[in-house]
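A short worksheet on the structure shown next.
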Amino acid sequence: MRMAYTIVDSALGRLLVAATGKGICFVSLGEDDPAMEAELRSDYPSADIRRDDSAGPPWVEALLRYLRGESDDLALPLDAPGTGFQERVWAGLRSIPFGSTRTYKEIARALGLPETAARAVGRACATNSVSLVIPCHRARRADGGLAGYRWGLERKRLLIEIEKSFPGRAATALIV
DNA sequence: GCCAGAACTCTGG
DNA sequence: CCAGAGTTCTGGC
């Protein structure tokens, strides 16, 4: 698999976006470029990866607007392979409305899994390589806690804040 | 290769 | 508090 990536500054730190010809396969937030590049390579050990900072696809701009709280559109093309179970969970996460959250148990139930699968759902969230586009920050624990986040709990909290303060949220807020 | 234990969980004893 | 349920990964042998 061949992929190109770029790293830019964002409202939440450095933002790395990698994509194949078909779609986005890796998105991460961090502080340290070499560490983020290493993370990308360890997720795709056999891929042919090169850096390309030229004005690539419009996806990076879309993610930056989202992080500034200016856009609620995360319907970007994905090309992130996972196991059958992982892809089911990721699809479930993407169906959570912007600005709201679900517990791991609710996500399991929505997918037709037994509630005892909550932990397996958490594991699938933990191993997703595409932050933001797969909104695993909308998953919380049943006791109200935030559980963990691969890119830092503080960022998870900020992402929820950004979504809550988005101007267009009034209609969905009433449903919750 | 196989098995134990951990990981972004939750429930019931 | 502890174990167990459903999935994947890692580390030890």
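The sequence lines fix the lettering, A, B, ..., with proteins before strands; numbering per chain opens at 1.
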Point to revise | Any A:T83 side-chain nitrogen or oxygen under 4.0 Å from OP1 or OP2 of C:dT8 | key: yes
Exercise for review: Look at the side-chain N and O atoms of A:K105 and state whether any lies under 4.0 Å from the OP1 or OP2 oxygen of B:dT11.
Suggested key: yes
Nearest whole Å is fine: how far is [N] [atom2] from [X] [atom1]?
X	N	atom1	atom2	value
A:Q86	C:dT8	CD	C1'	7 Å
A:Y104	B:dT11	OH	P	14 Å
A:E87	C:dT8	CD	P	11 Å
A:W90	C:dT7	CH2	P	15 Å
A:F85	C:dA5	CZ	C1'	11 Å
A:N128	C:dT8	CG	C1'	14 Å
A:R141	B:dC8	CZ	C1'	9 Å
A:Y149	B:dC8	OH	C1'	11 Å

When you compare the side chain of [Y] with that of [X], does any pair of heavy atoms fall below 4.5 Å?
X	Y	result
A:V89	A:R123	no
A:W151	A:K156	no
A:R94	A:V133	yes
A:L111	A:F85	no
A:L132	A:L159	yes
A:I160	A:E163	no

For nucleotides 4-6 of chain B, give me every protein contact, N/O to N/O, under 3.5 Å, one pair per line with atom names.
none

Practice item. Sticking with atom C1', work out how far B:dT11 lies from C:dT8, rounded to a whole angstrom. Key: 22 Å
**Study point:** Nearest-Å distance once atom P is located in both C:dG6 and B:dG1
**Key:** 26 Å
Point to revise | Nearest-nucleotide pick for A:A126, side chain only, options being B:dC8, B:dC10, C:dT7 | key: B:dC8
Review point. Which nucleotide in the set B:dC8, B:dC10, C:dT7 lies at the smallest distance from any side-chain heavy atom of A:A118?
Key: B:dC10
Review point. Which part of the nucleic acid, if any, lies within reach of A:T103 when heavy atoms closer than 4.0 Å are counted: base, sugar-phosphate only, or nothing?
Key: sugar-phosphate
If you look only at distance, which donor and acceptor atoms sit under 3.5 Å apart when one is on a side chain in residues 55-63 of chain A and the other is two or more places apart or in another chain?
none

Review point. So, A:Y5 versus A:F26, ring centres under 6.0 angstrom or not?
Key: no
**Study point:** Which residues share a side chain to side chain contact (heavy atoms under 4.5 Å, CB included) with A:T116, sequence neighbours left out
**Key:** A:P114
Revision key, fill the gap. Expected list for residues 106-117 of chain A near DNA chain B, using heavy atoms below 4.0 Å, is A:E115
Exercise for review: Mind checking salt bridge (charged side-chain N to carboxylate O under 4.0 Å, His left out) for A:R150 and listing every partner two or more places apart, or none if nothing turns up?
Suggested key: A:E39, A:D43
**Study point:** Dot-bracket encoding per residue of DNA chain B, Watson-Crick/G-U cut-off under 3.5 Å, | denoting interstrand
**Key:** |||||||.|||||
Point to revise | Spacing of A:R138 atom CZ and A:L93 atom CG [to the nearest 0.5 Å] | key: 9.0 Å
Check your understanding: Do NZ/NE/NH1/NH2 and the carboxylate oxygens of A:R155 and A:E31 come within less than 4.0 Å?
Key -> yes
